[in-house]
Amino acid sequence: MSFFQAIIKILGSVWGVWSIAAFGLGIFLWVASLAIKKARLSRLTEASTYRFLRLSMILAFLLALAGLVMATVKEAPGKLPPNRARINYLTLVLKGEDATERRHAAEELVLYGDEAARELVRAIHEEAERLSSEILERATSGDFTDVWMGLLGKSPWRTPFFDVASACLVRIGGPAVPHVVRQLALESEGMEFQIRDVSKRGWNESPNLLEFLGQWQALLGAAGMGVKSGIVREVLSDTLKEIGPVALPALLDGLESPRLLLRATAFEVLLGMPEAANPTIRRLEELRARSQSEAERQQYLAAIRLLESRRP
């Protein structure tokens with residue numbers, strides 16, 4: 001029904017009416033040209049009139065097509081066709097300093113829907129990676145301002161780009177949810193790999209220079225992954241909260257993910273959605289019934305009781 005409503009809206013607009021009128025004129029000229037061709041006129045009159053009508057018909061059909069294109073661009077709801085180069089450019093504009101340009105870029109990005117969501121999530125990951133490197137570089141040089149700001153509850157990395165990118169994802173809505181969930185799973189997988197890698201290393205209490213550099217690099221790598229994933233998680237979890245009930249099915253599936261970060265984020269977001277309490281409790285009860293671990297069953301039970309205490 002939404003497709004037919006969009007067609008009606010397009011054809012009912014000013015450009016749509018002009019397109020219909022031009023198309024009707026083209027049909028009339030086509031019929032007239034056929035009639036002229038069959039009429040018994042002098043050869044000169046017949047040939048010149050036929051050429052005139054045929055050219056007029058072609059022009060009328062071209063005008064009808066142009067009017068239809070303009071009506072679609074002006075009136076059709078939804079999104080624009082995918083344009084990778086344009087989406088990449090608009091995403092770069094979001095990272096700029098000009099607030100007006102950021103606003104215009106965000107308005108256009110929303111129209112690209114799913115393709116824009118994929119690029120925005122990737123850009124959030126890249127920006128978090130860049131900022132985490134800067135934060136660690138300052139920390140290793142003895143500047144702990146970022147740490148103190150974090151302890152005071154202020155996010156030192158919260159830039160206008162993250163805010164506007166998150167707002168775009170919220171406006172895109174449902175099509176953005178799979179990309180957000182997928183990125184959370186990738187962040188979790190990366191963190192788990194780093195943790196396993198560091199835990200496997202043998203730590204020599206009196207290392208030589210090469211051993212020390214290897215240990216220091218491993219620690220910095222794990223810390224960098226932690227800072228970066230923390231930034232991504234905070235931005236994307238806030239995004240899911242703003243998207244709201246549309247994200248509910250994906251979040252419920254996230255509770256069963258093997259990725260720890262995704263499970264924790266899904267539960268945190270669901271905890272803040274009053275309308276999600278009952279379906280979340282049912283899903284946790286299913287997981288508790290299937291679990292073979294007593295400790296895990298107790299964890300599910302604690303989560304269920306927490307949700308029940310917050311249920312209106």
Side-chain angles (χ1 to χ4, degrees), residues 1-10 13 71-131 155 157-187 231-254 262 265-266 268-276:
M1 287 302 297
S2 60
F3 171 77
F4 290 111
Q5 289 169 358
I7 294 297
I8 292 172
K9 184 178 180 181
I10 290 170
S13 66
T72 303
V73 171
K74 295 283 186 181
E75 303 295 336
K79 64 177 186 176
L80 298 174
N83 186 332
R84 177 71 61 183
R86 183 63 179 172
I87 292 172
N88 291 342
Y89 168 75
L90 293 171
T91 306
L92 288 175
V93 174
L94 293 186
K95 298 180 181 180
E97 300 294 331
D98 193 308
T100 303
E101 289 184 358
R102 283 201 305 268
R103 185 173 66 253
H104 291 324
E107 291 290 336
E108 186 175 346
L109 269 172
V110 170
L111 299 177
Y112 287 103
D114 178 77
E115 291 294 325
R118 180 184 290 107
E119 180 62 24
L120 285 167
V121 170
R122 187 186 66 81
I124 288 172
H125 168 81
E126 291 178 350
E127 186 68 5
E129 198 167 37
R130 183 186 68 80
L131 285 175
S155 300
W157 49 264
R158 197 78 191 198
T159 64
F161 166 74
F162 286 122
D163 292 333
V164 72
S166 177
C168 282
L169 291 172
V170 171
R171 290 187 60 187
I172 292 171
V177 173
H179 301 294
V180 172
V181 171
R182 188 179 302 113
Q183 187 60 47
L184 286 169
L186 290 174
E187 297 296 332
I231 294 172
V232 173
R233 178 181 182 274
E234 184 170 336
V235 174
L236 296 185
S237 64
D238 290 346
T239 300
L240 289 171
K241 291 174 185 176
E242 290 295 326
I243 289 176
V246 177
L248 183 58
L251 291 171
L252 291 174
D253 291 340
L262 176 56
T265 304
E268 177 191 333
V269 176
L270 289 168
L271 197 62
M273 295 170 59
E275 61 273 19

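For the atom pair CD (Glu129) and NE2 (His125), the distance works out to 4.5 Å, reported to the nearest 0.5 Å. For the atom pair CD1 (Ile87) and CD (Glu115), the distance works out to 5.5 Å, reported to the nearest 0.5 Å. For the atom pair OG1 (Thr265) and NZ (Lys241), the distance works out to 9.5 Å, reported to the nearest 0.5 Å. Rounding to the nearest 0.5 Å places CD of Glu126 at 7.0 Å from CD of Glu119. The OG atom of Ser237 lies 5.0 Å from the CD atom of Glu268; values are rounded to the nearest 0.5 Å.
Residue Leu120 comes nearest to Cys168 through the heavy atom pair CD1-CB, 3.5 Å, listed as atom of the first residue, atom of the second, then distance. Closest approach of Ala117 to Pro175, counting heavy atoms only: CB-O, 4.5 Å. Of all heavy-atom pairs between Leu90 and Tyr112, the closest is CD1-CE1, 4.0 Å. Taking every heavy atom of both residues into account, Asn88 and Arg122 meet most closely at OD1-NH2, 4.5 Å. Between Leu169 and Ile243, the closest heavy-atom pair is O-CD1, 4.0 Å. Pairing each heavy atom of Thr239 with each of Val170, the nearest pair is O-CG2, 3.9 Å.
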Please tabulate, for the side chains in residues 244-254, all donor-acceptor contacts under 3.5 angstrom to protein atoms that are two or more places apart in sequence or on a different chain.
unit_1: Asp253; atom_1: OD1; unit_2: Arg283; atom_2: NH1; d: 3.4

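Screening residues 172-182 for side chain to side chain donor-acceptor pair (under 3.5 Å), with sequence neighbours left out, gives Asp114-His179, His179-Arg182. Within the structure, no pair that satisfies the side chain to side chain donor-acceptor pair (under 3.5 Å) test touches residues 89-98, not counting sequence neighbours.
For the pair Arg102/Pro160, a side-chain contact is recorded, criterion being any heavy-atom separation below 4.5 Å from C-beta on.
Remark: of the listed residues Leu94, Leu131, Asp238, Val232, Leu131 is the sole one forming a side chain to side chain contact (heavy atoms under 4.5 Å, CB included) with Phe162.
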